[in-house]
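Step one of this worksheet: look at the structure below.
These numbers come from a predicted model, not from an experiment. The figures that follow rest on heavy atoms only: side chains count, while hydrogens, waters and symmetry mates do not.
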Protein chains: 2
Amino acid sequence: MISLAEENYLKALFNLAGQRGEVNVTELSKQLGIKMPTVTSMMKKLAEKKLVYYESYKPLRLTEKGKKEAALVIRKHRLTEMFLVEKMGLGWEDVHEIAEEVEHIRSTAFFDKMDELLGFPRIDPHGSSIPDKNGKFASIPYDKLCDCRVGETVKLSAVIHSSSEFLKFLTNRAIRLGIRMKIRSVEPFDGSMVIGYDNRQETLSRTVCERLLVEKGK
Amino acid sequence: MISLAEENYLKALFNLAGQRGEVNVTELSKQLGIKMPTVTSMMKKLAEKKLVYYESYKPLRLTEKGKKEAALVIRKHRLTEMFLVEKMGLGWEDVHEIAEEVEHIRSTAFFDKMDELLGFPRIDPHGSSIPDKNGKFASIPYDKLCDCRVGETVKLSAVIHSSSEFLKFLTNRAIRLGIRMKIRSVEPFDGSMVIGYDNRQETLSRTVCERLLVEKGK
DNA sequence: ATATTTTGTTAGATCATCCTAACATTATAG
DNA sequence: CTATAATGTTAGGATGATCTAACAAAATAT
């Protein structure tokens, strides 16, 4: 049995693990707001449960089992967020916090029902992939907006690591999932882009463009 | 701040407190499946928080503050059950267990939204009263079926302490909220009643009749 | 009215999760 | 290539919620 605390560690590990799948104790500690010694001892416990690979002074990695468990928590989180937004009419800014609690509910029937009512979506309201019942992510080949070229027209399909500030930023500019954007120009100096959409035009910083995932030729 | 464990004690105290509002340590211990010494020490803690009146060897009583907090948990539980049944299409038998977890979610917005989507019901799918945001129960003057007299016709409006076995029992006999029942006879020996409804007739034990809440003259 | 049973409390332990302070290792910068 | 900084671990302690064993009070039964 995986406790609520353990689930939070697994989820954080999953979210922090980049391409290499490695995470520092310091990073994890900051992400969770939990002091490093506590993290270390929890890593030992998770290692005993075969959920993480842990060796002193080495970076942390999830085992396959750990990845699956993390994915199942993420599934519950994302289904909840989507359900709250789409079926209950709550605001994007409110749902994350609620989902942080709901994601720990044991009943799979509850989440499977949400899944069904939502029509088995593979993408959540933030544009992130929703793992299936087995913890598998559907791989959807997105490109970062910042990797596109001037003149391309693309469809905004997902948003990375959305904080509520970021979501407000996007909302304020009427940037939402599904819109077509045309890249009018790129500033070589700082990588900011001028984007046209919906009869309007905005300059987006590199930081923003790295977080907007698009599909080309759509 | 009231912890999850504390909320469970308050809820159990509320549910066990009858007319007199008093509960034994033994009863509470059995209800929660927690050993008596643990209950005693929790009572001391809740007394410090002004949620219960506690004196050694005396029955336990909730304070007004304790009643309010308990009512708020019960509100969340009942709204959840109703939402799961009415809006998500889950079965009555499944929802109790899920609601036991959901009821501890902090966000009041979440439950207020359920309330709104359900049309601000004051009665839940089990026929129990749903407290409002301030922890107030709408007083609905029900009578127990067993307190009615032969010949009376009454409307079934609520069901007390519904276990899934009890709900199945009722379903099997097509006894559901809203039906009119006529009391055909009462057995003085054991208090069982013969009831007519929907062109059928059933004998209900005293135990069952104590759990069926009805409105007279309706 | 005393003995027995039931009920409730105290004392002391365990387990999970967290903490701080001190120490150890690894990485980095002169 | 050492000195310093950053990162990670160990040791020991706190808190919340639980337990068992032993004791105390209250209720009950003969």
Atom [atom1] of [X] to atom [atom2] of [N]: distance rounded to whole Å?
X	N	atom1	atom2	answer
A/Leu32	C/dC19	CG	P	10 Å
B/Leu28	D/dT18	CG	P	11 Å
A/Met43	D/dT9	CE	P	10 Å
A/Met42	D/dG8	CE	P	18 Å
A/Lys35	D/dT15	NZ	P	17 Å

Problem set entry | salt bridge (Lys or Arg N to Asp or Glu O under 4.0 Å) between B/Lys65 and B/Glu69, worked out | CA-CA 6 Å; B/Lys65 189 180 165 200; B/Glu69 294 298 340; over 6 Å; no
Under 3.5 Å, sequence neighbours excluded: what are the donor-acceptor pairs made by side chains of residues 104-116 of chain B?
from	atom 1	to	atom 2	distance (Å)
B/His104	ND1	B/Glu7	OE1	2.6
B/His104	NE2	B/Asn8	OD1	3.1
B/His104	NE2	B/Glu100	O	3.3
B/Arg106	NH1	B/Ile2	O	3.3
B/Arg106	NH1	B/Glu7	OE2	3.2
B/Arg106	NH2	B/Ile2	O	2.4
B/Ser107	OG	B/Ala109	N	3.4
B/Ser107	OG	B/Phe110	N	3.1
B/Asp112	OD1	B/Arg75	NH2	2.9
B/Asp115	OD2	B/Arg75	NH1	3.3
B/Asp115	OD2	B/Arg75	NH2	3.2

For this session: With sequence neighbours excluded, tell me which residues meet side-chain hydrogen bond (donor to acceptor under 3.5 Å, both in side chains) with B/Glu48.
Result: none
For this session: Mind listing the residues from residues 1-10 of chain B sitting with a heavy atom below 4.0 Å of DNA chain C? Number order is fine.
Result: none
Exercise. Would you say the side-chain atoms of A/Thr63 pair up with the backbone N or O of A/Lys50, donor to acceptor, closer than 3.5 Å?
Worked result: yes
Problem set entry | Those residues that, when tested against A/Glu27, pass salt bridge (Lys or Arg N to Asp or Glu O under 4.0 Å) (two or more places apart) | none
Problem set entry | Where at least one partner belongs to residues 134-148 of chain B, residue pairs that pass salt bridge (charged side-chain N to carboxylate O under 4.0 Å, His left out), sequence neighbours excluded | none
Seminar exercise, completed: Given the options A/Leu156, A/Leu204, A/Ile175, A/Leu177, A/Leu170 meets side chain to side chain contact (heavy atoms under 4.5 Å, CB included) only with A/Ile175
Exercise. Ring centres of A/Phe14 and A/Phe137 under 6.0 Å apart?
Worked result: yes
Problem set entry | B/S/- contact track for nucleotides 8-13 of chain C, protein heavy atom under 4.0 Å | BBBB--
